[in-house]
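Remember, it's 1-based here, ligands and their atoms both numbered in the order they're listed.
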Amino acid sequence: MRIVALAGGIGGARFLRGLRHTAPEADITVIGNTGDDISLFGLRICPDLDTVMYTLGGGINEEQGWGRADETFTLREELAAYEVGPAWFTLGDRDFATHIVRTQMLDAGYPLSAVTEALCDRWRPGVRLLPMTDDRVETHVVIEDDEGKRAIHFQEWWVRLHAGTPARSIAAVGADDAKPAPGVLEAIEAADLVILPPSNPVVSIGTILAVPGIRAAVAAKTVVGVSPIIGGAPVRGMADACLTAIGVETSARAVAAHYGPDLLDGWLVDTADGGTADDLDGIAMRTRPLLMTDLEATADIAHAALDLAEELRA
Ligand code: GDP
Ligand code: CA
(Lines give C-alpha, C1' and ligand atoms only; values in the text may rest on other atoms or scores of the structure.)
(Ligands and ions follow the chains in the order given, each with its own letter.)
Protein backbone atom coordinates (compact mmCIF):
# COMPACT_ATOMS: atom_id res chain seq x y z
CA MET A 1 0.00 0.00 0.00
CA ARG A 2 1.28 3.42 -0.96
CA ILE A 3 0.25 6.21 1.37
CA VAL A 4 0.91 9.93 1.14
CA ALA A 5 0.37 12.10 4.21
CA LEU A 6 0.60 15.89 4.41
CA ALA A 7 2.04 17.01 7.73
CA GLY A 8 2.71 20.02 9.89
CA GLY A 9 4.61 19.63 13.15
CA ILE A 10 3.41 18.06 16.38
CA GLY A 11 -0.07 16.88 15.37
CA GLY A 12 1.21 15.50 12.09
CA ALA A 13 4.27 13.84 13.56
CA ARG A 14 2.41 12.09 16.38
CA PHE A 15 -0.20 10.82 13.96
CA LEU A 16 2.50 9.52 11.61
CA ARG A 17 4.03 7.51 14.41
CA GLY A 18 0.67 5.76 14.81
CA LEU A 19 0.30 5.31 11.07
CA ARG A 20 3.71 3.70 10.75
CA HIS A 21 2.86 1.44 13.69
CA THR A 22 -0.45 0.27 12.27
CA ALA A 23 0.80 -0.09 8.68
CA PRO A 24 4.42 -1.28 9.02
CA GLU A 25 4.46 -2.69 5.49
CA ALA A 26 3.11 0.45 3.85
CA ASP A 27 5.25 2.72 1.72
CA ILE A 28 4.65 6.11 3.35
CA THR A 29 5.65 9.44 1.83
CA VAL A 30 5.24 12.50 4.04
CA ILE A 31 4.94 15.92 2.44
CA GLY A 32 6.05 18.40 5.08
CA ASN A 33 5.09 22.02 5.59
CA THR A 34 7.93 24.49 5.10
CA GLY A 35 5.87 27.67 5.55
CA ASP A 36 7.04 27.89 9.19
CA ASP A 37 10.69 27.97 8.14
CA ILE A 38 12.75 30.88 9.36
CA SER A 39 16.34 32.11 9.25
CA LEU A 40 17.81 32.97 12.65
CA PHE A 41 21.44 33.39 13.76
CA GLY A 42 22.42 32.87 10.13
CA LEU A 43 20.86 29.42 10.12
CA ARG A 44 17.92 27.99 8.22
CA ILE A 45 15.42 26.40 10.57
CA CYS A 46 12.63 24.07 9.39
CA PRO A 47 10.52 23.42 12.49
CA ASP A 48 7.90 21.14 10.98
CA LEU A 49 10.29 18.96 8.99
CA ASP A 50 12.44 18.58 12.09
CA THR A 51 9.51 17.72 14.33
CA VAL A 52 8.52 14.91 11.96
CA MET A 53 12.13 13.74 11.64
CA TYR A 54 12.88 13.79 15.37
CA THR A 55 9.53 12.25 16.34
CA LEU A 56 9.75 9.34 13.91
CA GLY A 57 13.49 9.01 14.45
CA GLY A 58 13.25 8.77 18.24
CA GLY A 59 15.00 12.06 19.04
CA ILE A 60 12.04 14.22 20.05
CA ASN A 61 11.41 15.83 23.42
CA GLU A 62 8.25 13.83 24.17
CA GLU A 63 6.61 16.15 26.71
CA GLN A 64 7.20 19.26 24.66
CA GLY A 65 6.45 17.65 21.30
CA TRP A 66 9.18 19.64 19.51
CA GLY A 67 12.93 20.00 19.91
CA ARG A 68 15.43 17.37 20.99
CA ALA A 69 15.33 15.06 23.99
CA ASP A 70 18.11 15.51 26.60
CA GLU A 71 18.73 19.01 25.33
CA THR A 72 21.13 21.59 26.77
CA PHE A 73 21.11 25.35 26.13
CA THR A 74 24.70 26.54 26.38
CA LEU A 75 24.74 28.14 22.94
CA ARG A 76 21.58 30.06 23.69
CA GLU A 77 23.06 31.41 26.93
CA GLU A 78 26.22 32.47 25.13
CA LEU A 79 24.21 34.24 22.41
CA ALA A 80 22.16 36.00 25.09
CA ALA A 81 25.41 37.14 26.76
CA TYR A 82 26.25 38.86 23.48
CA GLU A 83 22.70 40.23 23.42
CA VAL A 84 22.16 38.45 20.14
CA GLY A 85 18.51 37.52 19.73
CA PRO A 86 15.78 36.75 19.24
CA ALA A 87 15.42 35.41 22.76
CA TRP A 88 11.83 34.29 22.12
CA PHE A 89 12.83 31.44 19.81
CA THR A 90 14.27 28.55 21.80
CA LEU A 91 16.97 26.47 20.15
CA GLY A 92 18.92 23.86 22.07
CA ASP A 93 22.50 22.79 21.45
CA ARG A 94 21.60 19.47 19.83
CA ASP A 95 19.00 21.14 17.66
CA PHE A 96 21.54 23.77 16.57
CA ALA A 97 23.65 21.02 15.02
CA THR A 98 20.79 20.08 12.67
CA HIS A 99 20.43 23.69 11.53
CA ILE A 100 24.18 24.05 11.00
CA VAL A 101 24.28 20.94 8.82
CA ARG A 102 21.23 22.09 6.87
CA THR A 103 22.55 25.62 6.33
CA GLN A 104 25.95 24.36 5.28
CA MET A 105 24.38 22.11 2.65
CA LEU A 106 21.98 24.81 1.42
CA ASP A 107 24.91 27.24 1.12
CA ALA A 108 26.77 24.62 -0.89
CA GLY A 109 23.88 24.61 -3.34
CA TYR A 110 21.88 21.54 -2.36
CA PRO A 111 18.10 21.92 -2.52
CA LEU A 112 16.12 21.51 0.71
CA SER A 113 14.78 18.14 -0.48
CA ALA A 114 18.33 16.78 -0.78
CA VAL A 115 19.27 18.28 2.57
CA THR A 116 16.24 16.70 4.23
CA GLU A 117 17.14 13.34 2.75
CA ALA A 118 20.67 13.68 4.10
CA LEU A 119 19.42 14.57 7.58
CA CYS A 120 17.06 11.58 7.46
CA ASP A 121 20.04 9.31 6.73
CA ARG A 122 20.84 9.80 10.37
CA TRP A 123 17.30 9.70 11.79
CA ARG A 124 15.82 6.87 9.70
CA PRO A 125 12.22 8.01 10.21
CA GLY A 126 10.81 4.98 8.37
CA VAL A 127 8.96 7.19 5.92
CA ARG A 128 10.11 9.22 2.94
CA LEU A 129 10.10 12.82 4.12
CA LEU A 130 9.81 15.46 1.40
CA PRO A 131 9.50 19.21 1.87
CA MET A 132 6.45 20.52 0.00
CA THR A 133 8.80 22.68 -2.08
CA ASP A 134 12.47 23.54 -2.48
CA ASP A 135 11.48 27.17 -3.04
CA ARG A 136 11.23 29.70 -0.28
CA VAL A 137 7.70 29.98 1.10
CA GLU A 138 7.13 31.78 4.38
CA THR A 139 3.88 32.27 6.21
CA HIS A 140 3.35 35.85 7.31
CA VAL A 141 0.62 37.26 9.47
CA VAL A 142 -0.87 40.74 9.22
CA ILE A 143 -1.58 42.19 12.66
CA GLU A 144 -2.55 45.60 13.97
CA ASP A 145 -1.50 46.84 17.41
CA ASP A 146 -0.04 49.96 19.07
CA GLU A 147 2.77 49.96 16.53
CA GLY A 148 0.29 50.01 13.67
CA LYS A 149 -0.61 47.57 10.94
CA ARG A 150 2.17 45.33 9.73
CA ALA A 151 3.09 41.85 8.56
CA ILE A 152 5.27 39.65 10.76
CA HIS A 153 6.71 36.19 10.31
CA PHE A 154 4.37 33.43 11.44
CA GLN A 155 6.88 32.33 14.10
CA GLU A 156 6.90 35.77 15.66
CA TRP A 157 3.10 35.77 15.85
CA TRP A 158 2.90 32.18 17.11
CA VAL A 159 5.89 31.92 19.43
CA ARG A 160 6.49 35.48 20.61
CA LEU A 161 2.90 36.79 20.66
CA HIS A 162 1.23 33.39 21.29
CA ALA A 163 -1.27 34.35 18.58
CA GLY A 164 -2.63 36.81 21.15
CA THR A 165 -2.88 39.70 18.71
CA PRO A 166 -5.63 38.80 16.23
CA ALA A 167 -4.47 38.01 12.71
CA ARG A 168 -6.09 40.25 10.11
CA SER A 169 -4.90 37.86 7.42
CA ILE A 170 -2.43 35.06 6.89
CA ALA A 171 -0.42 34.68 3.69
CA ALA A 172 1.95 32.02 2.45
CA VAL A 173 4.43 34.43 0.88
CA GLY A 174 6.07 32.90 -2.19
CA ALA A 175 3.63 30.03 -2.51
CA ASP A 176 2.14 31.23 -5.80
CA ASP A 177 5.54 30.97 -7.51
CA ALA A 178 6.70 27.82 -5.74
CA LYS A 179 7.07 24.44 -7.42
CA PRO A 180 6.41 21.16 -5.62
CA ALA A 181 9.72 19.59 -4.56
CA PRO A 182 11.03 16.73 -6.73
CA GLY A 183 9.03 13.59 -6.04
CA VAL A 184 6.03 15.31 -4.45
CA LEU A 185 3.59 15.12 -7.36
CA GLU A 186 4.93 11.71 -8.38
CA ALA A 187 4.33 10.33 -4.89
CA ILE A 188 0.78 11.69 -4.80
CA GLU A 189 0.02 10.30 -8.25
CA ALA A 190 1.36 6.87 -7.28
CA ALA A 191 -0.48 6.81 -3.94
CA ASP A 192 -3.42 4.51 -3.18
CA LEU A 193 -4.71 7.09 -0.72
CA VAL A 194 -3.83 10.42 0.84
CA ILE A 195 -4.22 11.17 4.53
CA LEU A 196 -4.56 14.56 6.17
CA PRO A 197 -3.36 14.06 9.77
CA PRO A 198 -4.72 16.32 12.53
CA SER A 199 -2.40 19.17 11.57
CA ASN A 200 -3.28 22.86 11.57
CA PRO A 201 -5.72 23.28 8.64
CA VAL A 202 -4.53 26.80 7.86
CA VAL A 203 -0.79 27.14 8.43
CA SER A 204 0.23 23.48 8.05
CA ILE A 205 -2.06 21.63 5.60
CA GLY A 206 -3.38 24.84 4.03
CA THR A 207 0.14 26.02 3.23
CA ILE A 208 1.10 22.70 1.62
CA LEU A 209 -2.06 22.81 -0.50
CA ALA A 210 -1.19 26.37 -1.56
CA VAL A 211 1.81 25.17 -3.57
CA PRO A 212 0.51 25.13 -7.16
CA GLY A 213 -0.28 21.61 -8.34
CA ILE A 214 -0.43 19.90 -4.96
CA ARG A 215 -4.09 20.50 -4.20
CA ALA A 216 -5.26 19.25 -7.61
CA ALA A 217 -3.04 16.16 -7.38
CA VAL A 218 -4.35 15.34 -3.89
CA ALA A 219 -7.98 15.99 -4.87
CA ALA A 220 -7.72 13.34 -7.59
CA LYS A 221 -7.08 10.70 -4.89
CA THR A 222 -9.11 9.10 -2.12
CA VAL A 223 -8.46 11.51 0.74
CA VAL A 224 -9.29 10.93 4.40
CA GLY A 225 -8.63 13.51 7.11
CA VAL A 226 -8.48 13.48 10.90
CA SER A 227 -9.96 16.46 12.72
CA PRO A 228 -7.48 18.53 14.76
CA ILE A 229 -10.49 20.15 16.44
CA ILE A 230 -12.00 18.23 19.35
CA GLY A 231 -15.02 19.52 21.26
CA GLY A 232 -14.90 22.75 19.30
CA ALA A 233 -11.31 23.60 20.27
CA PRO A 234 -7.79 22.72 19.14
CA VAL A 235 -6.26 19.99 21.29
CA ARG A 236 -3.09 22.04 21.67
CA GLY A 237 -1.76 25.15 20.02
CA MET A 238 -3.84 28.01 18.74
CA ALA A 239 -5.36 26.73 15.53
CA ASP A 240 -8.57 28.57 16.45
CA ALA A 241 -6.74 31.89 15.97
CA CYS A 242 -5.74 30.78 12.46
CA LEU A 243 -9.22 29.55 11.56
CA THR A 244 -10.78 32.80 12.81
CA ALA A 245 -8.34 34.77 10.64
CA ILE A 246 -9.61 33.03 7.51
CA GLY A 247 -13.26 33.21 8.57
CA VAL A 248 -13.73 29.53 9.43
CA GLU A 249 -15.51 28.49 12.62
CA THR A 250 -13.47 26.37 15.06
CA SER A 251 -15.41 23.14 14.71
CA ALA A 252 -14.62 19.72 13.26
CA ARG A 253 -17.41 20.11 10.76
CA ALA A 254 -16.42 23.60 9.62
CA VAL A 255 -12.86 22.43 8.97
CA ALA A 256 -14.15 19.60 6.78
CA ALA A 257 -16.37 22.05 4.90
CA HIS A 258 -13.38 24.37 4.51
CA TYR A 259 -11.33 21.59 2.88
CA GLY A 260 -14.39 20.89 0.77
CA PRO A 261 -15.79 17.79 -0.97
CA ASP A 262 -13.60 18.33 -4.02
CA LEU A 263 -10.57 17.62 -1.81
CA LEU A 264 -11.85 15.46 1.03
CA ASP A 265 -13.69 12.13 0.75
CA GLY A 266 -13.77 11.08 4.39
CA TRP A 267 -13.38 12.85 7.76
CA LEU A 268 -12.89 11.46 11.24
CA VAL A 269 -14.38 13.51 14.07
CA ASP A 270 -14.09 12.91 17.78
CA THR A 271 -16.97 11.44 19.78
CA ALA A 272 -17.19 14.80 21.57
CA ASP A 273 -18.26 16.29 18.23
CA GLY A 274 -20.51 13.33 17.36
CA GLY A 275 -23.68 15.41 17.33
CA THR A 276 -22.40 17.04 14.19
CA ALA A 277 -21.35 13.83 12.46
CA ASP A 278 -23.97 13.47 9.72
CA ASP A 279 -22.26 13.25 6.37
CA LEU A 280 -21.49 16.57 4.80
CA ASP A 281 -22.34 16.94 1.13
CA GLY A 282 -19.81 14.60 -0.51
CA ILE A 283 -17.76 13.93 2.65
CA ALA A 284 -18.30 10.74 4.66
CA MET A 285 -18.02 11.44 8.39
CA ARG A 286 -17.13 8.86 11.04
CA THR A 287 -17.02 9.37 14.79
CA ARG A 288 -14.42 7.88 17.15
CA PRO A 289 -12.05 9.01 19.89
CA LEU A 290 -9.31 11.15 18.33
CA LEU A 291 -7.06 11.97 21.27
CA MET A 292 -3.54 10.71 20.52
CA THR A 293 -2.87 9.83 24.15
CA ASP A 294 -0.31 7.10 23.43
CA LEU A 295 1.03 5.04 20.54
CA GLU A 296 -1.75 2.43 20.71
CA ALA A 297 -4.54 5.02 20.70
CA THR A 298 -2.83 6.87 17.86
CA ALA A 299 -2.34 3.69 15.83
CA ASP A 300 -6.06 2.96 16.25
CA ILE A 301 -6.93 6.39 14.88
CA ALA A 302 -4.62 5.84 11.91
CA HIS A 303 -6.17 2.41 11.37
CA ALA A 304 -9.64 3.96 11.32
CA ALA A 305 -8.46 6.46 8.71
CA LEU A 306 -7.12 3.61 6.54
CA ASP A 307 -10.36 1.65 6.97
CA LEU A 308 -12.43 4.63 5.90
CA ALA A 309 -10.21 5.21 2.87
CA GLU A 310 -10.54 1.52 1.95
CA GLU A 311 -14.33 1.75 2.24
CA LEU A 312 -14.48 4.90 0.10
CA ARG A 313 -12.14 3.46 -2.51
CA ALA A 314 -14.31 0.37 -2.97
P1 GDP B 1 2.43 22.27 14.62
O2 GDP B 1 3.01 22.58 13.28
O3 GDP B 1 3.46 21.84 15.62
O4 GDP B 1 1.48 23.30 15.12
O5 GDP B 1 1.60 20.95 14.43
P6 GDP B 1 0.50 20.49 13.41
O7 GDP B 1 0.05 21.56 12.50
O8 GDP B 1 0.93 19.20 12.80
O9 GDP B 1 -0.64 20.09 14.40
C10 GDP B 1 -1.28 21.02 15.24
C11 GDP B 1 -2.68 20.51 15.50
O12 GDP B 1 -2.61 19.21 16.11
C13 GDP B 1 -3.43 21.37 16.47
O14 GDP B 1 -4.43 22.07 15.74
C15 GDP B 1 -4.05 20.38 17.46
O16 GDP B 1 -5.42 20.61 17.64
C17 GDP B 1 -3.82 19.04 16.81
N18 GDP B 1 -3.63 17.98 17.80
C19 GDP B 1 -2.69 17.91 18.75
N20 GDP B 1 -2.86 16.80 19.51
C21 GDP B 1 -3.95 16.16 19.02
C22 GDP B 1 -4.65 14.95 19.38
O23 GDP B 1 -4.30 14.24 20.33
N24 GDP B 1 -5.74 14.63 18.62
C25 GDP B 1 -6.17 15.40 17.56
N26 GDP B 1 -7.25 14.98 16.87
N27 GDP B 1 -5.53 16.53 17.21
C28 GDP B 1 -4.45 16.91 17.92
CA1 CA C 1 4.18 24.18 12.30
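- Protein heavy atom nearest atom 23 (O) of ligand 1, with residue, atom name and distance: Met292 N, 2.8 Å.
- Residue-ligand proximity, Pro234 to ligand 1, at heavy-atom distances under 4.0 Å covers atoms 16 (O).
- Of the protein's heavy atoms, Arg236 O, 3.3 Å lies nearest to atom 13 (C) of ligand 1.
- Between Glu25 and Arg20 there is no salt bridge, since no side-chain N of the basic residue sits under 4.0 Å from a carboxylate O of the acidic one.
- Here Thr293 has no heavy atoms under 4.0 Å from ligand 1, in either its backbone or its side chain.
- For ligand 1 and Gly9, the ligand atoms under 4.0 Å from any heavy atom of the residue are 1 (P), 2 (O), 3 (O), 5 (O), 6 (P), 7 (O), 8 (O).
- Close approach to Gly12 involves these atoms of ligand 1, each under 4.0 Å from a residue heavy atom: 8 (O).
- For the residue pair Thr222 and Arg313, no side-chain donor N or O sits within less than 3.5 Å of a side-chain acceptor on the partner.
- Checked against a 3.5 angstrom limit, the closest N/O atoms of Leu290 and ligand 1 fall inside it.
- Here the CG-NE2 distance, from Leu243 to His258, works out to 7.5 Å after rounding to the nearest 0.5 Å.
- Looking at Asp134, its side chain never comes within 3.5 Å of a backbone N or O of Pro111 through a donor-acceptor pair.
- Side-chain polar atoms of Thr72 and Asp93 form a donor-acceptor pair below 3.5 angstrom.
- Here is the list of ligand 1 atoms found below 4.0 Å of a heavy atom in Ala239: 14 (O).
- Remark: ligand 1 and Ser204 share an N or O pair separated by less than 3.5 Å (distance only, no angle test).
- Contacts with ligand 1 closer than 4.0 Å are made by heavy atoms of both the backbone and the side chain of Pro228.
- Here's the thing with Ile229: none of its N/O atoms is less than 3.5 angstrom from an N/O atom of ligand 1.
- Closest to the Ca ion (ligand 2) among the N, O or S atoms of Asp36 is OD2.
- Taking each of Pro198, Gly11, Pro197, Gly65 in turn, the one with a heavy atom nearest to atom 17 (C) of ligand 1 proves to be Pro198.
- Every atom of ligand 1 with a heavy atom of Asp48 under 4.0 Å away is listed here by number and element: 2 (O).
- At under 3.5 Å, not a single nitrogen or oxygen of Asp36, backbone or side chain, sits near a nitrogen or oxygen of ligand 1.
- Residue contact annotation: Thr51 has no non-hydrogen atom under 4.0 Å from ligand 1.
- Ion pairing between a basic and an acidic side chain is recognised when a charged N comes within 4.0 Å of a carboxylate O; Asp37 and Arg136 show no such pairing.
- If you check each of Gly8, Ser227, Pro201 against atom 26 (N) of ligand 1, the one with the closest non-hydrogen atom is Ser227.
- Of all heavy-atom pairs between Ala191 and Val4, the closest is CB-CG2, 3.8 Å.
- Between Arg68 and Asp50 no salt bridge is recorded (no basic side-chain N to carboxylate O distance below 4.0 Å).
- Across every non-hydrogen atom of Ala87 and Arg76, the tightest pair is O-NH2, 2.7 Å.
- Interatomic distance, CD of Glu296 versus NE2 of His303, reported as 12.5 Å (0.5 Å rounding).
- Nearest protein heavy-atom contact of atom 10 (C) of ligand 1 is Asn200 N, 3.8 Å.
- With hydrogens and angles left out, the side-chain atoms of Tyr54 and Asp95 include a donor and acceptor closer than 3.5 Å.
- Not a single heavy atom of Gly237 lies less than 4.0 angstrom from ligand 1.
- Heavy atoms from both the backbone and the side chain of Ser199 come within less than 4.0 Å of ligand 1.
- Sparse packing is recorded around OH of Tyr110, with 12 or fewer heavy atoms of other residues, nucleotides or ligands lying under 6.0 Å away.
- Counting non-hydrogen atoms of other residues, nucleotides and ligands closer than 6.0 Å to CD of Glu311 gives a total above 12.
- With a 4.0 Å cut-off on non-hydrogen atoms, Ile301 does not touch ligand 1 at all.
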